[in-house]
Amino acid sequence: MSILELFRRKPQPLTINVSLGTFTLQNPKKDNSYEGSINWLDTEALVDLDADSTDSHTADKALASLHKIVEETARWDRRLREYAAEEMSDEDGKVEIWEGDEDSDGDCSYITKEKFISRLSMGFIHIKNNGDVVFYYDMDEMFTDHSLEIRANVSGEILFAGICG
């Protein structure tokens with residue numbers, strides 16, 4: 001094989017196999033995150049672990065953060081849902097939702113914070129190598145096809161919750 005052929009050859013994926021699951025960096029030359037999934041309270045949640053091609057230990061840092069979160073999944077999940085419900089509710093404790101056809105007028109209705117919390121389901125977790133974490137919850141079409149984004153850090157501080165997408 002010539003030198004030119006070696007440079008053109010697609011790099012082999014890198015894989016991390018741990019008790020939580022398997023995480024794969026598909027193309028080490030261009031990708032910057034290992035992708036996999038975990039069990040989040042009996043729901044499959046997709047996970048991205050940040051990796052920096054200039055520092056091979058960054059994925060290890062993100063993986064350590066994931067382990068710390070998974071040790072207390074139920075506590076994290078409860079706190080994230082409650083924080084979001086509090087941020088999205090009005091002074092009467094109601095959350096305005098946009099169910100229905102997004103082109104029609106007047107399809108807004110209100111539900112309790114408890115109902116809002118019960119309709120959320122974990123979808124995706126992005127763990128940065130600096131300890132920041134972004135959780136994306138599916139919102140059961142309460143806000144048409146939008147998701148709930150919650151930003152936190154691995155030490156447990158919740159920084160933001162809002163609709164995205």
Side-chain angles (χ1 to χ4, degrees), residues 9-89 95 97-99 102 111 113-165:
R9 197 165 74 180
K10 184 178 176 185
Q12 294 297 311
L14 300 176
T15 303
I16 300 171
N17 287 306
V18 292
S19 61
L20 295 174
T22 301
F23 302 90
T24 304
L25 183 66
Q26 289 296 329
N27 186 342
K29 285 187 175 180
K30 69 173 190 164
D31 294 342
N32 62 358
S33 64
Y34 284 79
E35 298 173 353
S37 63
I38 62 167
N39 179 339
W40 184 271
L41 303 175
D42 297 325
T43 300
E44 180 183 22
L46 301 176
V47 177
D48 271 1
L49 302 171
D50 264 0
D52 183 344
S53 61
T54 63
D55 180 2
S56 62
H57 299 290
T58 56
D60 293 335
K61 291 176 186 176
L63 186 58
S65 295
L66 178 61
H67 275 286
K68 189 172 181 179
I69 291 166
V70 169
E71 287 174 1
E72 298 185 39
T73 304
R75 186 179 77 79
W76 270 96
D77 191 68
R78 179 181 39 76
R79 288 184 60 238
L80 293 168
R81 289 169 187 259
E82 289 174 355
Y83 182 91
E86 191 61 38
E87 287 293 303
M88 299 190 71
S89 64
V95 178
I97 61 174
W98 318 331
E99 286 183 313
E102 63 186 72
I111 60 173
K113 286 195 266 187
E114 294 77 19
K115 182 71 172 174
F116 173 79
I117 287 170
S118 73
R119 291 180 62 181
L120 299 175
S121 61
M122 178 57 72
F124 178 73
I125 305 169
H126 180 90
I127 302 185
K128 299 179 181 184
N129 53 41
N130 66 359
D132 289 344
V133 185
V134 184
F135 300 88
Y136 294 94
Y137 280 85
D138 175 54
M139 299 181 76
D140 190 27
E141 298 184 8
M142 289 184 282
F143 293 86
T144 61
D145 59 351
H146 293 73
S147 296
L148 173 64
E149 176 182 322
I150 305 174
R151 293 186 213 139
N153 58 45
V154 75
S155 64
E157 181 183 15
I158 302 173
L159 307 168
F160 168 83
I163 297 170
C164 69

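Just so it is clear, the model here is predicted, and its values are computed rather than measured. Worth knowing before you read on, the calculation uses all heavy atoms, side chains too, and leaves out hydrogens, waters and symmetry mates.
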With a 4.5 Å limit on heavy-atom distance, are the side chains of Arg81 and Phe116 in contact?
no
Could you grab the distance from atom CG of Asn32 to atom CG of Leu25, nearest 0.5 Å is fine?
8.5 Å
Compare all side-chain heavy atoms of Ile125 with those of Trp76 and state whether any distance is below 4.5 angstrom.
no
Measuring from Glu82:CD to Asp77:CG, what's the distance to the nearest 0.5 Å?
9.5 Å
Tell me if a side-chain donor or acceptor on Asp31 pairs with a main-chain N or O of Ser33 at a distance below 3.5 Å.
no
Test His126 against every option in Val133, Asp50, Leu49, Leu46 by the side-chain contact (heavy atoms from CB on, under 4.5 Å) rule and name the one that passes.
Asp50
Between atom CD of Glu114 and atom CZ of Arg119, what is the distance when rounded to the nearest 0.5 Å?
14.0 Å
Minimal non-hydrogen separation, Ala84 against Ala161, with atom names
CA-CB, 4.0 Å
Below 30° counts as parallel, above 60° as perpendicular, anything between as tilted: where do the rings of Phe135 and Trp40 land?
tilted
Where is the tightest heavy-atom contact between Pro13 and Pro28, given as atom of each residue plus distance?
CA-CD, 4.4 Å
Results of side chain to side chain donor-acceptor pair (under 3.5 Å) for Glu87 - residues two or more places apart only:
none
Min side-chain heavy-atom separation Tyr34-Ile127 under 4.5 Å:
no
CD/Glu71 to CG/Leu66 distance, rounded to the nearest 0.5 angstrom?
10.0 Å
Can you find a pair of side-chain heavy atoms, one from Arg79 and one from Ile158, that are under 4.5 Å apart?
yes
Tell me, do Met142 and Val95 make a side-chain contact under 4.5 Å, heavy atoms counted?
no
Side chains of Val18 and Phe23, heavy atoms from C-beta outward: is any pair under 4.5 Å?
yes
To the nearest 0.5 Å, tell me how far Ile38 CD1 sits from Thr43 OG1.
10.5 Å
Heavy atoms, side chains only, cut-off 4.5 Å: are His67 and Leu20 in contact?
yes
Hey, is NZ on Lys128 packed in by over 12 heavy atoms from elsewhere, all under 6.0 Å?
no
Euclidean distance, Leu120 CG relative to Asp138 CG, rounded to 0.5 Å
8.5 Å
In Val47, Val134, Asp48, the residue satisfying side-chain contact (heavy atoms from CB on, under 4.5 Å) with Phe124 is Asp48
Report yes if some heavy atom in the side chain of Met139 is under 4.5 Å from a heavy atom in the side chain of Ile97; otherwise report no.
no
